[in-house]
Undergrad: 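Before we start, here is the structure in question, set down as structure tokens.
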Amino acid sequence: MDDELLLRYSRQILLPEVDINGQNKLARSHVVIMGLGGLGSPIAMYLAAAGVGQITLVDHDVVELSNLQRQIIHSTEDLGRKKVKSAGNQIHSLNPNTKVNLVNEKLDESGFDSLFPNVDAIVDATDNFESRFQINHFSVKHSIPLISGAAIRFEGQVSVFQAIKGVSPCYRCLYSDGINIIENCVDTGVISPLLGIIGSIQALEVLKILMGIGEALDGRLLLLDALTMEWQTMKFQKDPKCPECG
Ligand SMILES: [Zn+2]
């Protein structure tokens, strides 16, 4: 690592849990972010700023005016641009050391299968259950840790799924018939900074997993009620009858 990189990441390298070793692990890591909306915005920016070496951005939407209230990686001048392009530009100006791959399409089975073999972590920042179950399926299939977050109204939640370990539950263990538990986020209101809070926690969990430090949030669902600012942690188990990982 040259002097410029040492200076760029100095406040992180100062942490004994990180040190040069951890920073080098981040530089060698590849993270896929599914969705460049309200959650994907802070996730992508923090992962790039922190020094993750390679980030693949997956989103097939363009930037719309109603996105800008919360999707802070995009600017007014990006209106009408592809979200992956807009986000890629922002990441490059934040940290040119991060290699960015852009995937501007809705991935099908072969798309996921060709993308995933060389990935260290996948972040679910999508806003609907169809995508969430699909991402979980490929995370289990390819043994990649999944860092999942959701935010609607004033309510947020985060969890980590490392079903690869055999003992940890997957997303489907938690939401076997989940469609009824939480509504899709697409047409529901959401307060702007909530996306920053939940997305930042997802980014932090990714960094911990990449460096192998601390305890990941797997088997635990962290819930926030932002109106009362009450946090809850709900523990859950692997479902032996889970159609995905059981
Ligand atoms: Zn499962």
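Order of listing sets the numbers, starting from 1, for every ligand and every atom in it. Residue numbers run from 1 in the order of the sequence given.
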Undergrad: Assess whether atom CD of Gln237 is packed by more than 12 heavy atoms of other residues, nucleotides or ligands within 6.0 Å.
TA: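 No, because the 6.0 Å sphere around CD of Gln237 holds 12 heavy atoms or fewer from other groups.
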
Undergrad: Taking everything shown except Phe138 itself, do over 12 heavy atoms lie less than 6.0 Å from its CZ?
TA: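 Counting other residues, nucleotides and ligands, CZ of Phe138 exceeds 12 neighbours.
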
Undergrad: Can you check the number of protein N/O/S atoms within less than 2.8 Å of the Zn ion (ligand 1)?
TA: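 Count of protein N, O, S atoms less than 2.8 Å from the Zn ion (ligand 1): 4.
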
Undergrad: Not counting sequence neighbours, which residues clear side chain to side chain donor-acceptor pair (under 3.5 Å) with Asp108? List them please.
TA: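 Asp108: side chain to side chain donor-acceptor pair (under 3.5 Å) contacts with Ser110.
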
Undergrad: List for me each residue that meets side chain to side chain donor-acceptor pair (under 3.5 Å) alongside His60, sequence neighbours excluded, and say none if there are none.
TA: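 Scan of His60 (side chain to side chain donor-acceptor pair (under 3.5 Å), adjacent residues dropped) gives none.
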
Undergrad: Measure the CD1-OG distance between Ile209 and Ser29 for me, rounded to the nearest 0.5 Å.
TA: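 The distance works out to 11.0 Å.
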
Undergrad: Checking Glu109 now: which residues fulfil salt bridge (charged side-chain N to carboxylate O under 4.0 Å, His left out) with it, not counting sequence neighbours?
TA: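 Testing Glu109 for salt bridge (charged side-chain N to carboxylate O under 4.0 Å, His left out), a comparison that skips the adjacent residues, returns Lys141.
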
